[in-house]
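Quick caveat: nothing in here was measured; it's all calculated off a predicted structure.
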Amino acid sequence: MRAWGGVAAFGTPARADDDDELAAIKAQIRSLETRVVAIEKHRHARHETGSTAGQGRQHTALSERPSARRNVALRNGAGAEDDTPLEQPVRFSNGEPPAESAHTPFFHLGGPPGGSQLAAAQEQKSSIDLSSSSPLAITQTSVDRLPPVFSIGNISVRIGGFLELSNIWRDSNLTSGPATAWNNFPYANSPNHGLSEERLSAQLSRLSTLLEANPSASTRLQAYIESDFGGSGGSTNSVQINGYVPRLRQGYFTFTQKDWGFHLLMGQAWSLTTGYAKGVLPRNEQLPAVTDNNQIPGITFTRVPQIRIGKDWGQKYWLALSIEDPQATVGYSSTLSSGGRLPAVGDNAEGPRVYYANAGGVLLNPDTQYTDNPVPDIVLKGAVDTSVGHYEVFGLARWFRSVIQSPGANHTHKDTQFGGGVGGGMTVPLGTPKLQLTGNVIAGEGIGRYGPSLLPDTTFNSRGQLTPVPEMRGALGLIGHPDKSVLLYLYGGVETAGRRRYTAADGNQYGYGVNDQNLGGCDIEFGTCNAQTRTLASFTTGGWWHFLDGQWGSVMGGVQYTYIRKFAFRGNDGMGNSVYPTTTGNTVYVTFRYLPFQ
């Protein structure tokens, strides 16, 4: 839909004469740009060689020229026209900054002097681009595609975001907001199994700001911050006021030196383990175009504080190293708090005492346990962009530490274990830009934290050491674009964990993946079920429709269905028969977004 004379028209196709007229307007604009730049250079040269005061007063700010005040309404798509005057000044880019007016204010609407708003507008074919396999308007906020709203000195400021309302239905009650905890779908022993859950939420409404400065033609500085309302406070509830609090999603700054192909990122961003649609630069992540805020099982990602250094060769070959904030998940066959003792092994009267986590302190959540991490996680990724797709491989290194008091000892000692994995990803067009295939995979030990199902990174062995759990995770997606305003998707994903177990002096198995537990109660209501997850598999399908577009913003709608099946490690029914507990889950999302800046 586009705005014609202030009236919204749904799906009006561009006519041939409209395209011809638009091409003629663009040609006139380019001609005027060349003439204005030449005049400004000529006047600037005369001013520097001692022009008179009267000549100086004849210098007219570019923003006051009628040609510059024409609203180039190209961001509404090819064939779109809008005669509304442009409120912010258009700046022309000719490879170097034009001469600044002596009266340019420090704070003004529009981009900074020397900006390229017109060029950006000419390149922008639509206010919302759904042709990508991971459209920013869906997965993030698409702030890069928007013109600067204002500038402070030489720093341009872009504002993006959307207001969202989601209706979430699940066939089992997880008491979850708009992010599904995939590993929490209950077995049949729970009263929540088969008890449907209905929830409306606006928590994913999002706001982002991008600040950018270009000290030279080859240097770029950017700062990006993005937040939503996915946090909760001590008084948060859904009874009356739904007081969910803002949280930091991303907040980082980047330095780019184009001539060197050098890239630096510092702050909180998507992990380098996350798949990318192009290169390894932020806001180019290959995130599934889904409505659920916890993505889908099989995807590899985190959003964490990090320091990332990258290098590109011709924007085709990429190499990046990231040092990222560590945390670990711990799984064990029985309840074991930090400071507790493991079961005795061999001839010992007691097992080792282990310390592995502490409650959050200053500026951390006191209700959350934080693991004791000796060093950051390290990710090294290489990527290549070709005419037949984007491909990448990476390696992940992690370290896990526990403090152990061995049986009979009166002191403790520290123990550190190594984990990690290797992975890769791709984004490939299938013969046409309207159909894309995406995929990712990772295998290793101690990689559970990087998946949405949060399978355990580690468990304990008989000596109290944190032993990494083997795991494999992968997903495959098919994304179609039957129309420029429609995106359809189909994803499948799987996460599976291996065994790390031992037998204690009492004859029972402990660790992760034990197979001697009585799991006969998992299928009986109010029965006892201590099943440990072995595999989660999912199927997701859905789509988005950008159905309203005008000078007052855009509106999108999305619908999604996800089926998940959870498989536990084998146990017994108490009578010597093997049992393999399983459970299923179904979710349906209906989402609407208003994007006021697009």
Q: Applying salt bridge (charged side-chain N to carboxylate O under 4.0 Å, His left out), name anything that partners R565, two or more places apart in sequence or on another chain.
A: none
**Q.** Beyond-backbone contact of F301 with S271, side-chain heavy atoms, under 4.5 angstrom
**A.** no
Q: Test T141 against every option in R206, Q250, Q598 by the side-chain contact (heavy atoms from CB on, under 4.5 Å) rule and name the one that passes.
A: R206
Q | side-chain contact (heavy atoms from CB on, under 4.5 Å), paired with W544, selected from T291, L488, V559, V486 | A | T291
**Q.** pair Y491-I479: side-chain heavy atoms closer than 4.5 Å
**A.** yes
Q: Can you measure from CG (N373) to CZ (R401) and round to the nearest 0.5 angstrom?
A: 8.0 Å
Q.
As a quick check of understanding, evaluate side-chain hydrogen bond (donor to acceptor under 3.5 Å, both in side chains) for S151 and S156, giving each step before the final call.
A. CA-CA 4 Å; S151 67; S156 66; over 6 Å; no
Q) Rounded to the nearest 0.5 Å, what separation is found between the CZ atom of F569 and the OG1 atom of T533? A) 8.5 Å
Q: Over all heavy atoms of both residues, which pair between Q286 and T427 is shortest? Give the atoms and the distance, please.
A: OE1-OG1, 3.1 Å
Q) If you count the non-hydrogen atoms of other residues, nucleotides and ligands that lie under 6.0 Å from CZ in F592, is the total more than 12? A) no
Q. Any idea which heavy atoms bring P326 and D377 closest together, and the distance?
A. CB-OD1, 3.5 Å
**Q.** Under 3.5 Å: donor-acceptor pair, side chain of E197, backbone of T175
**A.** yes
**Q.** Worked check of side-chain contact (heavy atoms from CB on, under 4.5 Å) between V588 and N167
**A.** CA-CA 8 Å; V588 177; N167 184 76; over 6 Å; no
**Q.** Validation row: Y561, N586 side chains within 4.5 angstrom (heavy atoms)
**A.** yes
Q: Keeping the roles fixed (side chain from N189, backbone from G527), state whether a donor-acceptor pair exists under 3.5 Å.
A: yes
Q | Distance, nearest 0.5 Å, that separates CG of N358 from OG1 of T368 | A | 12.5 Å
Q.
Looking at Y224, I'd like to know if the NZ or CZ of R283 sits under 6.0 Å from its six-membered ring centre while staying within 45 degrees of the ring's axis.
A. yes
**Q.** pair I564-L536: side-chain heavy atoms closer than 4.5 Å
**A.** yes
**Q.** Pair Q436-H481, side-chain donor/acceptor within less than 3.5 Å
**A.** yes
Q: To the nearest 0.5 angstrom, please state how far the CG atom of N173 sits from the CZ atom of R199.
A: 7.0 Å
Q) Which of parallel (below 30°), tilted (30 to 60°) and perpendicular (above 60°) describes Y510 and Y332? A) parallel
Q. Closest approach of S176 and A181, non-hydrogen atoms and distance?
A. OG-N, 4.3 Å
Q) If you take all heavy atoms of C529 and Y187, which pair is closest and at what distance? A) SG-CD1, 4.0 Å
Q.
Taking Y356's backbone N and O only, do any of them form a donor-acceptor pair with D372's side chain (distance below 3.5 Å, no angle check)?
A. no
Q) Is a side-chain donor-acceptor pair under 3.5 Å present for Y244 with S238? A) yes
Q. Is there a side-chain contact (heavy atoms from CB on, under 4.5 Å) between N192 and S172 once you walk through the steps?
A. CA-CA 6 Å; N192 285 322; S172 287; 5.8 Å; no
(Q) For T371, is there any backbone N or O sitting under 3.5 Å from a side-chain donor or acceptor partner on Q327? (A) yes
Q: Calculate, to the nearest 0.5 Å, the distance between atoms OG and CG belonging to S554 and D549 respectively.
A: 3.5 Å
Q. Does Y512 use its side chain to pair, donor to acceptor, with the backbone of D457 at less than 3.5 Å?
A. no
Q. How about T300 and R473: does a side-chain donor come under 3.5 Å of a side-chain acceptor?
A. yes
Q | Under 3.5 Å: donor-acceptor pair, side chain of E164, backbone of A202 | A | no
Q: For the residue pair T562 and T180, establish whether any side-chain heavy-atom pair is separated by less than 4.5 Å.
A: no
Q) Between the main-chain N or O of L210 and the side-chain N or O of R158, is there a donor-acceptor pair closer than 3.5 Å? A) no
Q) Looking only at heavy atoms, what is the nearest atom pair of L455 and E471, with distance? A) CD1-OE2, 3.6 Å
Q. Below 4.0 angstrom, N of the basic side chain to O of the carboxylate: do R249 and D228 qualify?
A. yes
Q | Close side-chain approach of V143 to T209, heavy-atom, < 4.5 Å | A | no
Q: Mind checking the OG1-CZ spacing from T587 to R170? Nearest 0.5 Å is all I need.
A: 7.0 Å
Q.
Tell me whether T582 contacts the main-chain N or O of F567 through its side chain, where contact means a donor paired with an acceptor under 3.5 Å.
A. no
Q: Would you check if there is a donor-acceptor pair between the side chains of Y489 and Q560 at a distance under 3.5 Å?
A: yes
Q. Within a strict 4.5 Å, meaning less than it, do heavy atoms of the Q306 and L265 side chains meet?
A. yes
Q. When you look at L396 and Y450, which way does the side-chain contact (heavy atoms from CB on, under 4.5 Å) test go after all the steps?
A. CA-CA 10 Å; L396 167 65; Y450 287 84; 3.8 Å; yes
**Q.** Taking every non-hydrogen atom, the tightest pair across R308 and W270
**A.** NH2-O, 2.9 Å
Q) Any sub-3.5 Å donor-acceptor pair from S134's side-chain atoms to E285's backbone N or O? A) yes
Q. For E198 and S196, does a side-chain donor sit closer than 3.5 Å to a side-chain acceptor?
A. no
Q.
Any heavy-atom pair between the side chains of V555 and F162 that's under 4.5 Å?
A. no
Q: Keeping the roles fixed (side chain from Y589, backbone from P178), state whether a donor-acceptor pair exists under 3.5 Å.
A: yes
Q: Please report the C-alpha distance between D171 and F185 in whole Å, then the side-chain angles of each, then the deciding distance to 0.1 Å, and finally whether the side-chain contact (heavy atoms from CB on, under 4.5 Å) criterion is met.
A: CA-CA 9 Å; D171 67 343; F185 275 96; 4.1 Å; yes
